[in-house]
Amino acid sequence: MAACSTSHLVVPSTPASGVRLLSLNRPEKRNALSQDVIRCLLAELRNASSDPEIFSIILTGNGPFFCEQAGADLNDIAALDEAGARASRYLEDLCNGFTSVNKPIIAAVNGPALGGGFEIALMSDIIVAAQPAYFVLPETKIGLIPGAGGTQRLTAAIGKYRAMSSILLAQPMSSDEAKTAGLVANVVGLDALIQNCVDIASKFTADNKQTIAFAKQAVCRADDLCRDDRFERDLYYTAFGTTEKKRGVDDFLAARRKKA
């Protein structure tokens, strides 16, 4: 993937020694995952991963949203048919980028996490949610399915039947419900979210970096054995060629234009 040319879309900072905070910064689009945002996010993940002074990464969103709209940018999706989705290997780079990071990633979910936003939280290693946050995979409402591991990771995390309700019915899950389901580690007030995540992240230091990397690798291996991401992505690309996808995405964008 090309280098990030719009660095303001993901803002890096270092709130504590050894901790890199990455803030999605597209609040006017509810931090939706456009291709530019994905490029910048992956570039910042690579930077943090290769920095010997950084031992953990926190991911959050600027504004009241973690990552909303249908997660991925629907304008990008509307332009793709099945052949285009397969040729561009849409979202594959995002999945591979997260997988390549051997340092702990903490998702600080400050607000709604929809579609691809929920999926990048699921790609993280620890999820901490603010009280106003909620989680939903709404893709079936627009003629698609989750395509960045959502069907696989959510099922592994909360079980088949809860995942079926969440995905087939596009049911939102509150932060408290997500904690009860075992998906979220902590639910805190919005004002305390980043500090809570920094407190967790600060436990990862130069003294335990190798042990933590080994432990993360072992847990992720167990998680990988429960999933078939390639199968999900093949179905996802196939869905791009259906009339349901074209109608669903076009209708959603038309309704959004009327509200504007």
Side-chain angles (χ1 to χ4, degrees), residues 1-2 4-11 23-42 59-95 109-122 130 132-151 166-174 190 232-233 235-260:
M1 189 176 228
C4 173
S5 59
T6 46
S7 58
H8 65 281
L9 293 175
V10 178
V11 179
S23 300
L24 301 175
N25 190 38
R26 200 186 178 206
E28 74 284 359
K29 295 292 185 180
R30 301 180 176 185
N31 296 324
L33 292 176
S34 67
Q35 289 299 292
D36 283 339
V37 172
I38 291 173
R39 274 191 288 271
C40 292
L41 177 57
L42 293 178
L59 178 62
T60 194
N62 279 343
F65 307 98
F66 178 69
C67 184
E68 210 196 17
Q69 293 183 325
D73 194 312
L74 283 180
N75 290 304
D76 290 346
I77 289 174
L80 291 174
D81 57 10
E82 180 180 354
R86 289 187 187 278
S88 65
R89 307 194 74 82
Y90 190 63
L91 295 184
E92 185 174 320
D93 52 351
L94 179 65
C95 300
V109 182
N110 55 299
L114 276 73
F118 190 0
E119 288 180 297
I120 62 172
L122 288 168
Y134 63 88
F135 304 83
V136 63
L137 294 170
E139 286 85 352
T140 56
K141 287 188 171 183
I142 57 168
L144 287 170
I145 66 168
T151 66
S166 180
I167 295 168
L168 271 59
L169 302 176
Q171 285 185 340
M173 186 185 311
S174 71
L190 181 58
E232 177 200 75
R233 197 169 299 118
L235 291 174
Y236 178 62
Y237 292 157
T238 300
F240 272 77
T242 67
T243 57
E244 290 180 17
K245 174 264 181 182
K246 181 171 179 13
R247 182 175 65 247
V249 173
D250 288 351
D251 288 352
F252 185 95
L253 291 174
R256 192 169 65 187
R257 283 192 293 269
K258 286 183 180 178
K259 291 180 181 179

Which atom of [X] lies closest to which atom of [Y], heavy atoms considered:
| X | Y | answer |
| --- | --- | --- |
| Lys245 | Phe240 | CD-O, 3.6 Å |
| Ala148 | Leu91 | CB-CD1, 4.1 Å |
| Leu168 | Thr140 | O-OG1, 3.6 Å |
| Met173 | Ser166 | CE-OG, 4.4 Å |
| Pro172 | Tyr134 | CB-CD1, 4.1 Å |
| Asn110 | Pro64 | ND2-C, 4.0 Å |

Less than 4.5 Å apart, side chain to side chain, heavy atoms only: is that true for [X] and [Y]?
| X | Y | result |
| --- | --- | --- |
| Val10 | Ser23 | no |
| Leu114 | Cys67 | no |
| Arg233 | Tyr90 | no |
| Gln171 | Val136 | no |
| Thr151 | Leu235 | no |
| Val109 | Leu59 | no |

So, taking the atom named [atom1] in [X] and the one named [atom2] in [Y], what distance separates them when rounded to the nearest 0.5 Å?
| X | Y | atom1 | atom2 | value |
| --- | --- | --- | --- | --- |
| Gln35 | Leu94 | CD | CG | 9.0 Å |
| Glu28 | Asn62 | CD | CG | 11.0 Å |
| Leu33 | Leu41 | CG | CG | 7.5 Å |

Applying side-chain contact (heavy atoms from CB on, under 4.5 Å) to Val37 and Asn31, what does each step give before you reach the verdict? CA-CA 8 Å; Val37 172; Asn31 296 324; over 6 Å; no

Does [Y] offer a backbone N or O that forms a donor-acceptor pair with the side chain of [X] under 3.5 Å?
| X | Y | answer |
| --- | --- | --- |
| Asn25 | Gly61 | no |
| Arg26 | Leu9 | no |
| Glu139 | Leu144 | no |
| Lys246 | Gly143 | no |
| Glu82 | Ala239 | no |

Carboxylate-amine/guanidinium proximity below 4.0 Å for Asp36 and Arg39: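 Looking at Arg39 together with Asp36, the answer is yes, because their closest N to O distance falls below 4.0 Å.
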
Check side-chain hydrogen bond (donor to acceptor under 3.5 Å, both in side chains) between Asp81 and all other residues, then give those that pass, not counting sequence neighbours.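 Scan of Asp81 (side-chain hydrogen bond (donor to acceptor under 3.5 Å, both in side chains), adjacent residues dropped) gives none.
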
Would you check, one step at a time, whether the test side-chain contact (heavy atoms from CB on, under 4.5 Å) holds for Leu137 with Ile145? CA-CA 8 Å; Leu137 294 170; Ile145 66 168; over 6 Å; no

Not counting sequence neighbours, which residues clear ring pair (Phe, Tyr, Trp, His ring centres under 6.0 Å) with Phe66? List them please.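 For Phe66 there are no ring pair (Phe, Tyr, Trp, His ring centres under 6.0 Å) partners, ignoring immediate neighbours.
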
Let me see the working for Tyr237 and Glu92 under side-chain contact (heavy atoms from CB on, under 4.5 Å), right down to the final yes or no. CA-CA 11 Å; Tyr237 292 157; Glu92 185 174 320; 4.3 Å; yes

Is the closest side-chain donor-acceptor distance between Arg86 and Thr238 under 3.5 Å?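 Short answer, yes.
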
Should the ring pair Phe118 and Phe135 be called parallel, tilted or perpendicular, given that the plane angle runs from 0 to 90° and is split at 30 and 60?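 The rings of Phe118 and Phe135 sit tilted, inter-plane angle from 30° to 60°.
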
